[in-house]
J.: 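This is the structure I have questions about; it appears just below.
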Number of protein chains: 2
Amino acid sequence: MTIAPLIENVSMNKSFGGWHKQYSHQSTTLNCAMRFAIYLPPHVSTGEKVPVLYWLSGLTCTDENFMQKAGALRMAAELGIAIVAPDTSPRGEEVANDDGYDLGQGAGFYVNATQAPWNRHFHMYDYVVNELPQIIEATFPVSDKRAISGHSMGGHGALTIAMLNPERYSSMSAFSPICNPVNAPWGKKAFSAYLGKDKATWLNHDASELMRQATVLVPAKVDQGLADDFLTEQLKPESLEVAAKASNYPLDLRLHDGYDHSYYFISAFIEEHLRFHAEHLSK
Amino acid sequence: MTIAPLIENVSMNKSFGGWHKQYSHQSTTLNCAMRFAIYLPPHVSTGEKVPVLYWLSGLTCTDENFMQKAGALRMAAELGIAIVAPDTSPRGEEVANDDGYDLGQGAGFYVNATQAPWNRHFHMYDYVVNELPQIIEATFPVSDKRAISGHSMGGHGALTIAMLNPERYSSMSAFSPICNPVNAPWGKKAFSAYLGKDKATWLNHDASELMRQATVLVPAKVDQGLADDFLTEQLKPESLEVAAKASNYPLDLRLHDGYDHSYYFISAFIEEHLRFHAEHLSK
């Protein structure tokens with residue numbers, strides 16, 4: 001018998017016939033209180049178990065940004081997909097932090113930190129891969145069909161987590177992901193702090209490296225704006241494209257003239273991502 | 001010859017093939033610097049002049065809330081409608097303010113204040129009715145076809161401004177509007193401060209009173225959630241319904257079980273409002 005973990009509802013809003021809800025819980029993986037958001041489509045009111053899209057947000061975000069700004073709930077309601085959005089790091093006064101927006105709280109980078117002081121709380125990889133889905137699947141009327149998507153740092157998280165766990169996700173997608181963090185300032189700073197000096201450990205969390213070496217393939221969709229201020233220095237979609245060619249990976253990478261790094265970009269293409277995931281979740 | 005007023009672009013984001021842009025300008029009506037947002041649908045790139053929906057936001061909001069959270073740009077792009085979102089009050093260190101969230105900056109209530117200290121800057125009625133459309137129509141590729149909508153305090157603003165200027169707007173709509181401010185705490189506080197003790201002046205900005213006496217009719221659509229915390233004390237849609245019956249006003253008022261006062265409600269029904277305005281703007 002599975003006992004549902006203790007979680008506390010902190011808000012609920014009806015939207016498109018379904019429900020957006022926020023919950024708080026004590027995370028055993030992160031060793032602190034965490035909040036996540038879930039959107040449950042109207043289908044669940046009839047007892048139907050729906051698949052889940054996990055959304056990983058970017059630097060500085062919380063569980064709220066995607067739910068409020070992406071315009072995704074309309075299609076989730078229509079397609080019958082739940083969406084789960086965790087926070088981007090452990091949080092709290094007792095949790096280590098940094099003055100930079102790109103390290104510490106709000107910047108967990110979806111890895112398990114091995115270095116002090118970060119290794120006490122910063123295990124976002126385990127949280128997203130294991131603890132959070134266990135909670136979701138024990139608590140809500142969802143199936144064990146999962147897809148994963150994200151933006152920027154969360155795009156890095158979605159692609160790397162899916163490729164490291166291809167049996168757990170039917171599809172993966174990203175907007176403006178950090179495609180090659182071992183060669184980008186954001187990635188170098190975060191991986192140095194969280195994983196230490198041994199760059200061999202970094203490669204296990206580099207989407208381009210994982211895609212180049214992949215043998216089990218997860219259908220992948222990536223969209224990138226060409227007016228994105230972070231494109232050249234931080235995001236490097238060309239690295240992912242080269243890697244996909246090397247391993248014949250099923251990557252649909254599209255570059256969009258004029259679009260930037262914001263949710264104005266994400267909202268314009270989120271419908272296509274949800275349809276892509278729905279197609280693979282239903283297989 | 002009309003000289004376009006000086007306005008300064010402060011941001012731009014491509015979305016759904018069109019552009020979300022923010023501008024700042026010195027308002028002669030409000031006697032301070034103001035910012036507004038505009039969404040221009042893709043149609044304008046071919047030289048087509050598009051009609052404009054003015055969106056008035058609620059208490060504490062700025063020009064950003066609707067553009068980021070309503071999920072409206074998709075349909076604006078499809079229907080070929082520009083959307084303009086002004087701020088909700090004059091702003092700045094030199095502008096009078098109040099400790100409450102429901103008076104002063106962020107709470108202009110879309111009236112022209114006659115009482116000190118508010119009468120120096122708080123002329124949001126004139127700004128929305130006259131100065132802002134003049135700027136928009138002199139600067140952007142838009143027609144002189146206008147519709148108006150808003151939320152909460154901005155729903156009050158949209159309905160009252162349209163009914164006071166029926167020749168200027170082809171349709172009006174609102175989400176969760178303050179329907180009878182002369183009988184609601186928010187309205188009494190704001191109208192006392194801005195308009196003074198003479199309640200006769202208040203009635204000229206009360207949507208229910210204007211609708212009861214209306215002879216020139218603007219097609220009207222109002223949506224209200226029944227799980228809205230402000231429903232009974234502040235919003236009073238029943239007053240508007242009674243008024244519409246008295247004047248045989250073309251009001252489509254719908255009450256929605258389970259929905260609250262948030263943008264999760266607005267986003268679920270904004271498509272229907274945009275289609276409603278598009279139908280009347282095209283006549």
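Chain letters run A, B, ... following the sequence lines, proteins first and then strands; every chain starts at 1.
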J.: Who among A:Lys69, A:His20, A:Met12 has the most heavy-atom pairs with chain B under 4.5 Å?
T.: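 Counting heavy-atom pairs under 4.5 Å, the top option is A:His20.
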J.: Please state whether the side chain, the backbone, both or neither of B:Asp260 comes within less than 4.5 Å of a heavy atom of chain A.
T.: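 Contact with chain A involves the side chain of B:Asp260 alone.
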J.: Please rank B:Glu271, B:Arg74, B:His256 by heavy-atom pairs under 4.5 Å with chain A and give me the top one.
T.: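 Greatest number of close heavy-atom pairs with chain A: B:Arg74.
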J.: Answer with side chain, backbone, both or neither: which region of B:Tyr263 has an atom nearer than 4.5 Å to a non-hydrogen atom of chain A?
T.: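 Neither part.
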J.: Chain B heavy atoms under 4.5 Å from A:Met67: which part of the residue, side chain, backbone, both or neither?
T.: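 It is both, since atoms from each part get that close.
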J.: To check you understand the geometry: which heavy-atom pair defines the closest contact between A:Tyr259 and B:Phe16, and what is its length?
T.: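 Closest pair (atom of A:Tyr259, atom of B:Phe16, distance): OH-N, 3.4 Å.
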J.: Of all the heavy-atom pairs spanning B:Ser15 and A:Tyr264, show the shortest one and how long it is.
T.: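 Result for this residue pair: OG-O, 2.7 Å.
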J.: Measure distances from A:Ser267 to the heavy atoms of chain B and classify the residue's part below 4.5 Å as side chain, backbone, both or neither.
T.: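 When you check distances to chain B, atoms from both the backbone and side chain of A:Ser267 fall under 4.5 Å.
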J.: Does atom CG of B:Asp257 have more than 12 heavy-atom neighbours from other groups under 6.0 Å away?
T.: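 Atom CG in B:Asp257 is not packed in, count stays at 12 or less.
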